[in-house]
Visitor: 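I am attaching a structure below and will ask some questions about it afterwards.
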Amino acid sequence: MSEEQVVQDEALGAQQGIEQGAYSFPSIEARWPAVWDELGVFTPRDDGTRERRYVLDMFPYPSGDLHMGHAEAFAMGDVVARYWRLKGYDVLHPIGWDSFGLPAENAAIKRNAHPAEWTYANIETQAASFKRYALSLDWSRRLHTSDPEYYRWTQWLFLRFYERGLAYRKNHPVNWCPKDQTVLANEQVVNGACERCGTPVTKKALNQWYFKITDYAERLLDDMTELEGHWPERVLAMQRNWIGRSEGAHVRFTIEAEGPQPEREVTVFTTRPDTLYGATFFVVAADAELASELVAPGQAQALSEYQDRVKALSEIERQNTDREKTGVFLGRYAVNPLNGEKLPVWAADYVLAEYGTGAIMAVPAHDQRDLDFAKAFGLPVRAVLDTGEEDPAVSGVATNGEGTIINSGPLNGLSKAEGIAKAIEIVQDAGTGEGTINYRLRDWLLSRQRFWGAPIPIIHCPVDGEVPVPDDELPVRLPDDLRGEQLAPKGTSPLAAAEHWVNVTCPRCGGPAKRDTDTMDTFVDSSWYYLRYLSPDYTQGPFDPEAARRWMPVAQYVGGVEHAILHLLYSRFFTKVLKDMGLIDADEPFAALMNQGQVLNGGKAMSKSLGNGVDLGEQLDTYGVDAVRLTMVFASPPEDDVDWADVSPSGSAKFLARAWRLGQDVTSAPGTDPSGGDRALRAVTHRTIAEAEELLDAHKFNVVVAKTMELVNATRKAIDSGPGGADPAVREAVETVAVMLSMFAPYTAEDLWAALGHEPSVANAAWPQHDPSLTVEETVTAVVQVAGKVRDRLEVAPDISEDALRELALSSQNVARVLDGRGIRTVIVRAPKLVNIVPA
RNA sequence: GCCCCAGUAGCCCAAUCGGCAGAGGCAGCGGACUUAAAAUCCGCUCAGUCAGGGUUCGAAUCCCUGCUGGGGCACCA
């Protein structure tokens with residue numbers, strides 16, 4: 001018996017299994033998964049016969065079972081995947097797990113186990129839940145980032161980045177979470193606290209690995225223009241903000257010799273070179289090496305005490321912008337290259353070591369922070385910009401807007417913009433500066449002192465220094481004999497304790513050497529997983545470049561807005577590097593992005609601490625998969641939050657039963673020509689199809705559900721009190737309902753499709769073509785307004801001429817009565833819908 | 001403090017180009033069916049669009065101001 005035959009027989013069996021009468025979601029849910037698997041409905045053909053579309057949901061982290069948030073996000077992605085499949089695209093919709101990460105490690109410590117045990121057990125639980133949830137996924141491409149066959153390629157990519165100078169190590173003060181005992185990227189510090197556990201972050205100087213994402217700042221920013229209109233505007237805004245491009249100038253100031261200290265140059269970054277003449281002092285970041293280098297011997301003690309005070313502050317205190325300005329004079333003077341003026345050099349914590357050059361020229365008259373500092377230490381304030389506002393020295397309010405430049409020699413009389421251009425010209429000619437662009441973006445700190453991640457494939461040799469692990473020795477596997485307490489955070493990586501693992505011979509000189517004991521940030525794993533799906537078994541590289549050419553970029557990416565910066569920025573960075581390596585053609589990984597909203601309960605995010613969580617499994621048991629999915633989609637537009645207390649899964653279940661019952665009332669045979677069917681119902685059907693297409697393209701899924709409900713209502717009416725269930729239009733309508741529902745309620749739709757006498761799967765049905773001749777109204781209601789108020793309605797032909805409509809409107813009794821003899825000033829005609837008569 | 005988004009029936013939400021404020025659902029009310037109830041079916045009620053001003057023949061829609069809610073950034077020179 002052929003495989004096809006088996007499938008058909010099973011489908012037939014399923015069809016016969018449908019009982020007349022009640023809609024019962026448990027039996028429907030039991031009927032179809034095996035059929036879908038058998039048919040391979042959701043495996044892309046990848047043979048070029050159809051246009052390819054790649055739909056991707058952000059892959060889950062395996063912490064316990066799926067929750068309501070997953071249910072929402074994946075329901076949305078599945079609508080897109082299923083819609084595109086109906087439209088005839090070859091859809092790739094894969095799934096996998098982001099399975100490295102801290103929670104697994106913490107669980108392992110608690111249970112004296114290996115993180116893999118907890119991780120893979122949770123993955124199996126989630127996989128089963130995904131299958132129950134009837135997502136149209138291609139399971140054959142499943143991946144887990146913690147599999148050696150996956151992280152082998154994460155390590156391979158690290159080495160390619162290393163070769164290109166994009167991965168490097170430096171000793172530097174970094175964000176440190178005292179609780180998780182690991183470093184954090186800037187992106188993982190929220191309001192001075194650890195994004196994950198909320199512990200206030202401290203600074204610690206450590207030798208750490210970085211990716212040089214700053215090399216790509218400009219492209220990351222510029223290429224956003226091609227995402228415009230396809231990504232949520234706020235995500236683009238957040239990324240722009242994070243990259244933080246600002247135009248200005250580098251200006252070199254000479255620091256005069258002082259005692260044993262020689263003369264040297266220090267560069268500042270400023271966005272306002274037009275105010276150079278207003279500089280009255282000079283400030284370097286207190287925590288930068290520069291401060292210690294510059295300080296005159298007599299002030300060294302004072303600086304050191306100040307630095308201790310600054311270090312004692314938590315990041316939260318430090319970031320409080322209301323704080324009094326503090327600082328210490330360094331006993332040195334900087335020479336303003338424009339006017340030769342000597343400016344005292346101070347160290348202060350309001351200047352950030354990380355931004356610009358870590359040194360600024362202070363222009364108190366036109367910068368509020370500088371002004372606050374000047375006031376605190378009695379430094380002079382000189383206005384060089386006349387903005388018409390009160391003198392900042394008097395008002396205490398810095399004037400930073402537009403104005404005319406004064407007290408500034410060659411810049412006098414110029415506007416702000418002219419002054420900036422002129423000042424840059426002057427310093428450039430003098431060789432003391434140049435126009436430049438500065439970015440707020442910092443390099444990505446990727447090393448972590450934790451166990452459950454991809455080991456950094458570097459060997460440290462006392463002779464050869466950093467030596468990359470040769471490609472053919474990848475993956476550098478995690479040792480599998482560390483468990484429980486051995487994994488506990490101690491400030492250095494737990495891997496350091498695995499001596500048999502750490503001690504190796506140097507690949508270059510053969511001498512004794514040690515492995516790098518840090519692991520990579522899990523965001524490295526997730527920065528390229530969308531490529532691995534394209535050729536999950538490929539062994540010649542992280543992915544088959546040919547497959548990437550066929551499928552990239554992702555046509556629709558779906559996920560939460562919480563990744564607006566982190567994951568999405570990193571993935572964009574990886575894509576650009578891979579393009580530079582010639583491995584892919586795409587500049588951007590995700591052509592379109594949809595952020596689904598959160599699922600709330602009673603106005604609040606669900607959380608354990610609030611005790612207001614709604615259990616997904618219980619919802620599925622009570623209302624059925626389809627009702628939960630439909631509720632998610634129908635509640636609001638995808639990007640809006642859904643408050644589970646405001647919606648009605650029981651209502652959804654009722655509707656699905658109502659739709660399903662239609663199938664039992666269709667008495668015509670499959671394949672019946674609808675053309676002789678009830679005209680009114682056909683009009684509703686075809687209008688629904690036409691509207692649904694536009695609405696789906698605009699992601700207004702909730703409205704598509706509403707339109708489907710209308711069609712169900714109209715069909716019910718046609719059956720009960722219209723032409724009856726034998727009318728061919730009724731079959732056409734119910735078939736359309738089945739196709740529409742297949743995007744939101746796959747089980748019910750499949751059952752309905754079978755009840756109509758069709759072979760599975762409805763997911764393979766073609767998108768119905770709407771017939772425009774059926775959607776044309778025979779008459780339309782034209783509204784007649786007098787002075788904007790509706791005074792009459794006329795039934796007219798849709799193609800009525802303006803003149804004819806004007807005539808009709810003007811002869812209306814109601815209009816004459818309202819006008820009451822007044823003259824007419826003008827008549828606006830918008831045929832065929834409206835006439836507005838404006839009285840004199 | 002700065003920036004962005006959103007405010008439409010009791011509630012969730014619709015409303016192409018500026019053209020009848022209402023598609024759908026929840027809740028509520030009434031009716032049919034039933035010995036009764038559930039389920040099902042049918043029907044009904046409900047706002048003038050956060051407030052104020054402007055543009056327009058005409059504004060939920062465009063502009064300005066404010067209020068409320070949500071989000072982002074926050075000593076970034």
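The sequence lines fix the lettering, A, B, ..., with proteins before strands; numbering per chain opens at 1. Just so it is clear, the model here is predicted, and its values are computed rather than measured.
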Visitor: Is there a Watson-Crick or G-U wobble partner for B:rU40 with both distances under 3.5 Å, and which nucleotide is it?
Guide: B:rA32
Visitor: A:T270 has a side chain; which of B:rA77, B:rC12, B:rG19 sits nearest to it?
Guide: B:rA77
Visitor: When you measure from the side chain of A:K654, which nucleotide among B:rA77, B:rC13, B:rC26 comes out closest?
Guide: B:rC26
Visitor: Taking B:rG52 as the reference, what is the distance to B:rC44 when you measure between their P atoms (whole Å, please)?
Guide: 33 Å
Visitor: If you compare every side-chain N and O of A:N702 against the phosphate oxygens of B:rA14 (OP1, OP2), does one of them come in below 4.0 Å?
Guide: yes
Visitor: Nearest to the side chain of A:E710 - B:rC42, B:rA23, B:rA77?
Guide: B:rA23
Visitor: Side chains of A:Y277 and A:N336: donor-acceptor distance under 3.5 Å anywhere?
Guide: no
Visitor: With respect to the phosphate group of B:rG25, does any side-chain polar atom (N or O) of A:R658 fall under 4.0 Å of OP1 or OP2?
Guide: no
Visitor: With sugar-phosphate meaning primed atoms plus P, OP1 and OP2, does A:S246 contact a base, only sugar-phosphate, or nothing at under 4.0 Å between heavy atoms?
Guide: sugar-phosphate
Visitor: With P as the reference atom in both, quote the distance from B:rC63 to B:rU55 in angstrom, rounded to an integer.
Guide: 15 Å
Visitor: Output the rounded distance in Å from CZ (A:R240) to C1' (B:rC73).
Guide: 15 Å
Visitor: Quick check on B:rC12: is either OP1 or OP2 less than 4.0 Å from any side-chain nitrogen or oxygen of A:S648?
Guide: no
Visitor: Give a yes-or-no answer on whether the side chains of A:W231 and A:Q239 include a donor-acceptor pair shorter than 3.5 Å.
Guide: no
Visitor: Looking at A:K700, I'd like to know whether one of its side-chain N or O atoms comes within less than 4.0 Å of OP1 or OP2 on B:rC13.
Guide: no
Visitor: Do A:Y23 and A:T748 get their side chains close enough for a donor-acceptor pair, meaning under 3.5 Å?
Guide: yes
Visitor: Has A:N241 got a side-chain N or O lying under 4.0 Å from the OP1 or OP2 atom of B:rC2?
Guide: no
Visitor: Touch check for A:A635, heavy atoms < 4.0 angstrom, all strands: base, sugar-phosphate only, or nothing?
Guide: sugar-phosphate
Visitor: Taking the side chain of A:R661 as heavy atoms from C-beta outward, which of B:rU40, B:rG24, B:rC75 is closest to it?
Guide: B:rU40
Visitor: Rounded to the Å, how far apart are A:Y355 OH and B:rA74 C1'?
Guide: 13 Å
Visitor: Under 4.0 Å, heavy atoms only, any strand: does A:Q368 hit a base, just the sugar-phosphate, or nothing?
Guide: nothing
Visitor: Quote, to the nearest angstrom, the P distance that separates B:rC46 from B:rC5.
Guide: 36 Å
Visitor: Of the nucleotides B:rC13, B:rG19, B:rC75, which has the atom closest to the A:S636 side chain?
Guide: B:rC13
Visitor: Look at the side chain of A:R234 and decide which nucleotide, out of B:rG71, B:rG72, B:rG19, has an atom nearest to it.
Guide: B:rG71
Visitor: Would you say the side chains of A:S246 and A:T271 form a donor-acceptor pair under 3.5 Å?
Guide: no
Visitor: Considering every strand shown, what is the Watson-Crick or G-U wobble mate of B:rA9 when both distances are under 3.5 Å?
Guide: none
Visitor: Using the side-chain heavy atoms of A:L352, tell me which of these nucleotides is nearest: B:rC41, B:rA77, B:rG19.
Guide: B:rA77
Visitor: For A:D646 and for A:E233, locate the closest nucleotide of RNA chain B by heavy-atom distance; then report the residue assigned to the nucleotide nearer the 5' terminus.
Guide: A:E233
Visitor: Specify the separation, in whole Å, of atom CG of A:D372 and atom P of B:rC75.
Guide: 14 Å
Visitor: Just call it for A:V351: base, sugar-phosphate, or nothing, with non-hydrogen atoms closer than 4.0 Å on any strand.
Guide: base
Visitor: Measure CD1/A:I828 against P/B:rG19 and give the value in whole Å, please.
Guide: 14 Å
Visitor: Using purine N1 to pyrimidine N3 plus N6-O4 or O6-N4 for Watson-Crick, or N1-O2 and O6-N3 for G-U wobble, both under 3.5 Å, which nucleotide pairs with B:rC17?
Guide: none
Visitor: Please report, rounded to the nearest Å, how far the C1' atom of B:rA14 is from the CG atom of A:N713.
Guide: 15 Å
Visitor: B:rC75 C1' sits how many Å from A:I360 CD1, rounded?
Guide: 10 Å
Visitor: Expressed in whole Å, how much space separates the P atoms belonging to B:rU68 and B:rC62?
Guide: 22 Å
Visitor: Using atom P of each nucleotide, how far apart are B:rG25 and B:rA32 to the nearest Å?
Guide: 23 Å
Visitor: In whole angstrom, give the distance that lies between atom CG of A:L696 and atom P of B:rA14.
Guide: 14 Å
Visitor: Can you say whether a donor on the side chain of A:K717 sits under 3.5 Å from an acceptor on the base of B:rC42, or the other way round?
Guide: no
Visitor: Among the nucleotides B:rG24, B:rG19, B:rC13, which one has an atom lying closest to any side-chain atom of A:R830?
Guide: B:rG19
Visitor: Can B:rG54 be described as syn, meaning its chi torsion is within 90° of 0, or is it anti?
Guide: anti
Visitor: Syn if the chi torsion is within 90° of 0, anti otherwise; quick check, which is B:rC41?
Guide: anti
Visitor: Where each residue is assigned the nucleotide of RNA chain B containing its nearest heavy atom, which of A:V835 and A:E354 is assigned the position nearer the 5′ end?
Guide: A:V835
Visitor: Is the number of heavy atoms from other residues, nucleotides or ligands within 6.0 Å of NZ (A:K375) greater than 12?
Guide: yes
Visitor: Are A:R629 and A:D626 close enough for a salt bridge, meaning some N to O gap below 4.0 Å?
Guide: no
Visitor: Closest approach to the side chain of A:K833, judged atom by atom: which nucleotide of B:rA77, B:rG19, B:rC13 is it?
Guide: B:rG19
Visitor: Determine the Euclidean distance between corresponding C1' atoms of B:rU61 and B:rG1; express it in Å to zero decimal places.
Guide: 32 Å
Visitor: In whole Å, what separates the P atom of B:rU35 from that of B:rG24?
Guide: 33 Å
Visitor: May I ask you to say what A:D370 touches in the nucleic acid, namely base, sugar-phosphate or nothing, with a heavy-atom cut-off under 4.0 Å?
Guide: nothing
Visitor: Using the P atom as the point on both nucleotides, what is the distance between B:rG19 and B:rU65, in whole Å?
Guide: 25 Å
Visitor: Using only heavy-atom distances, determine whether the side chains of A:Y623 and A:S648 contain a donor-acceptor pair under 3.5 Å.
Guide: no
Visitor: Could A:R661 and A:D665 be called an ion pair, given the rule that one side-chain N must be under 4.0 Å from one carboxylate O?
Guide: no
Visitor: Partner of B:rC2 by Watson-Crick or G-U wobble geometry, both contacts under 3.5 Å, or none?
Guide: B:rG72
Visitor: With respect to the side chain of A:N836, which nucleotide from B:rG72, B:rG24, B:rC57 is positioned closest?
Guide: B:rC57
Visitor: Under 3.5 Å, is there a donor-acceptor pair between the A:H366 and A:T275 side chains?
Guide: no
Visitor: Rounded to the Å, how far apart are A:Q785 CD and B:rG18 C1'?
Guide: 12 Å
Visitor: Which part of the nucleic acid, if any, lies within reach of A:R442 when heavy atoms closer than 4.0 Å are counted: base, sugar-phosphate only, or nothing?
Guide: base
